[in-house]
Protein chains: 2
Amino acid sequence: MQKEMKAFKALGDENRLTILSLLYGGEKCACMLLEEMKISQPTLSHHMKILCDANLVESRKEGKWMHYRLAENGLRDITDFLQNLMTKEE
Amino acid sequence: MQKEMKAFKALGDENRLTILSLLYGGEKCACMLLEEMKISQPTLSHHMKILCDANLVESRKEGKWMHYRLAENGLRDITDFLQNLMTKEE
DNA sequence: TTATCATATTGACAAACTTCGATATATTAT
DNA sequence: ATAATATATCGAAGTTTGTCAATATGATAA
């Protein structure tokens, strides 16, 4: 349950939900995310770390750029967790 | 997105995840939840309010007892939200 | 090497959150 | 009406979280 809690904590922030929606279209580098949001660079870096630690986002380093993309596995894990809560209820 | 954020915030707490898992088997009254957890009565009340406000739990008053159950609608909403994030990615 | 650019880390501060004891409210029983 | 019980609200203490400026790290370019 610890794993799911970490993911839900990560999802419970407006900026991080925005980041996920920006990654919906596919991989993006940090600098592009930064342009589309009104937060500082350290703040973005902080949020990306939380999303990666929660397994919701995966990263790839290319030269001095960091590329981020949605982590399908982590997303599926918590989706399954929620679906299990719903089924067989009652 | 505000609605989902509220739900995810609510899910990002160990005690509240425990409460949801306790409600998995079906409706329970607050006093029964209280017995199964090591938190004070005001704390439980606080968490139940957060879960209800987030639409993850529904309540029913019967005399002096409050009965709580999982809110299928709210759970489905965020499950759908996550599933939409996953599909068509790429 | 030195300069420049992209990202990460540190340190500090304010805001938000969790928790509980004390107390209030509401319902039932006597 | 009074007592007892279940739950909610209040107020305060301690903890966690989000944020940014300053700085560090790592990579490329000159």
Side-chain angles (χ1 to χ4, degrees), chain A residues 1-23 26-71 78, chain B residues 1-23 26-71 78:
Chain A
M1 195 159 81
Q2 213 62 16
K3 194 185 54 168
E4 288 86 0
M5 193 182 69
K6 200 178 205 177
F8 288 131
K9 263 191 185 4
L11 288 164
D13 177 89
E14 182 158 25
N15 282 322
R16 290 194 291 266
L17 284 183
T18 300
I19 291 166
L20 292 183
S21 75
L22 288 172
L23 294 180
E27 191 179 76
K28 281 194 180 164
C29 93
C31 54
M32 234 196 287
L33 293 171
L34 192 55
E35 273 179 13
E36 311 195 50
M37 303 184 60
K38 8 184 219 300
I39 56 176
S40 71
Q41 180 273 320
T43 299
L44 176 64
S45 183
H46 170 71
H47 287 311
M48 297 320 294
K49 182 165 169 37
I50 288 174
L51 287 169
C52 289
D53 285 353
N55 248 306
L56 297 169
V57 165
E58 288 168 352
S59 66
R60 180 172 66 84
K61 192 171 189 177
E62 185 182 314
K64 38 184 175 175
W65 289 276
M66 283 296 288
H67 296 269
Y68 295 101
R69 62 182 177 284
L70 294 179
I78 54 173
Chain B
M1 195 160 78
Q2 211 64 14
K3 194 185 51 165
E4 288 84 3
M5 192 183 70
K6 201 179 206 177
F8 288 131
K9 261 191 184 9
L11 287 164
D13 177 88
E14 181 158 26
N15 283 321
R16 291 194 290 266
L17 284 183
T18 300
I19 291 167
L20 293 182
S21 75
L22 289 173
L23 293 179
E27 191 179 77
K28 280 194 181 164
C29 92
C31 53
M32 231 196 289
L33 294 171
L34 191 55
E35 274 179 13
E36 311 196 50
M37 302 185 62
K38 8 182 219 299
I39 56 177
S40 71
Q41 180 273 321
T43 300
L44 176 63
S45 183
H46 170 71
H47 286 310
M48 296 321 293
K49 184 165 168 36
I50 288 173
L51 287 169
C52 288
D53 286 352
N55 248 307
L56 296 170
V57 166
E58 288 168 351
S59 66
R60 179 173 67 83
K61 192 175 188 176
E62 186 183 315
K64 39 184 176 176
W65 289 275
M66 283 297 287
H67 296 269
Y68 295 103
R69 62 181 176 285
L70 295 178
I78 54 173

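Here is how names work: the chains are called A, B, and so on, in the same order as the sequence lines, proteins then strands, and each is numbered from 1.
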Practice prompt. Quickly work out the A/Lys6 NZ to D/dT16 P distance and round it to whole Å.
Written response: 15 Å

Discussion item. Could you work out, with side-chain contact (heavy atoms from CB on, under 4.5 Å) as the rule, every residue matching A/Asp13, not counting sequence neighbours?
Written reply: A/Asn15, A/Arg16, A/His47

Fill in: Minimum heavy-atom distance A/Ala71-A/Val57, with the two atoms named
CB-N, 3.7 Å

Fill in: Those residues that, when tested against B/His46, pass side-chain contact (heavy atoms from CB on, under 4.5 Å) (two or more places apart)
B/Ile50

Item to complete: Round to the nearest Å and state the distance from B/Leu51 atom CG to D/dA8 atom P.
Response: 12 Å

Worksheet entry | Shortest non-hydrogen separation from A/Ile19 to A/Leu33 and the atoms involved | CG2-CD1, 4.3 Å

Practice prompt. Could you check if a side-chain atom of B/Met32 sits within less than 4.5 angstrom of a side-chain atom of B/Leu22, using non-hydrogen atoms only?
Written response: no

Worksheet entry | B/Phe8 side, atom CZ; B/Met5 side, atom CE - distance, nearest 0.5 Å | 11.0 Å

Response to the item:
Protein-proximity profile, nucleotides 21-26 of chain D, B/S/- by nucleotide at the 4.0 Å heavy-atom cutoff, equals BB---S

Worksheet entry | Closest non-hydrogen atom pair, B/Ala7 against B/Ala54 | CA-CB, 3.9 Å

Worksheet item: Taking any atom under 4.0 angstrom from a heavy atom of chain A, which nucleotides of DNA chain C are the first and last to qualify, 5' to 3'?
Response: C/dC5 to C/dT9

Fill in: A/Glu14 backbone acceptor or donor facing A/Thr18 side chain under 3.5 Å
yes

Worksheet item: Rounded to the Å, how far apart are A/His46 NE2 and D/dT17 C1'?
Response: 7 Å

Discussion item. Under 4.0 Å, heavy atom to any atom of DNA chain C: which of residues 8-20 of chain A qualify?
Written reply: none

Fill in: Shortest non-hydrogen contact between A/Leu56 and A/Ala10, atoms and distance
CD1-CB, 3.8 Å

Item to complete: Applying side-chain hydrogen bond (donor to acceptor under 3.5 Å, both in side chains) between B/Lys28 and each of B/His67, B/Glu36, B/Glu35, report the one that passes.
Response: B/Glu36

Worksheet item: Roughly how many Å is it from CE in A/Met48 to C1' in D/dT19, rounded to a whole number?
Response: 17 Å

Worksheet item: Heavy-atom contacts under 4.0 Å between residues 52-59 of chain B and DNA chain C, which residues?
Response: none

Discussion item. Would you say that A/Gln41 contacts A/Leu34 through its side chain, given a criterion of any heavy-atom pair below 4.5 Å between the two side chains?
Written reply: yes

Fill in: d(CE, B/Met66; C1', D/dT5) in whole Å
16 Å

Discussion item. Taking any heavy-atom pair under 4.0 Å as a contact, classify A/Leu33: base, sugar-phosphate, or nothing.
Written reply: nothing

Fill in: Heavy-atom donor-acceptor pair, B/Lys9 side chain to A/Gly12 backbone, under 3.5 Å
yes

Item to complete: Write down the distance between NZ (B/Lys28) and C1' (D/dT7), rounded to a whole number of angstrom.
Response: 18 Å

Discussion item. Check the phosphate of D/dA8 against B/Ser45, side-chain N and O only, distance under 4.0 Å to OP1 or OP2. Yes or no?
Written reply: yes

Practice prompt. Rounded to the nearest angstrom, tell me the gap between atom NZ in A/Lys49 and atom P in D/dT19.
Written response: 17 Å

Practice prompt. Please tell me which of A/Ile39 and B/Trp65 maps to the more 5' nucleotide of DNA chain D, matching each residue to the nucleotide holding its nearest heavy atom.
Written response: B/Trp65

Worksheet item: Looking only at heavy atoms, what is the nearest atom pair of A/Leu51 and A/Leu20, with distance?
Response: CD2-CD2, 4.2 Å

Discussion item. Could you tell me if the side chain of A/Tyr68 sits less than 4.5 Å from the side chain of A/Glu27, heavy atoms only?
Written reply: no

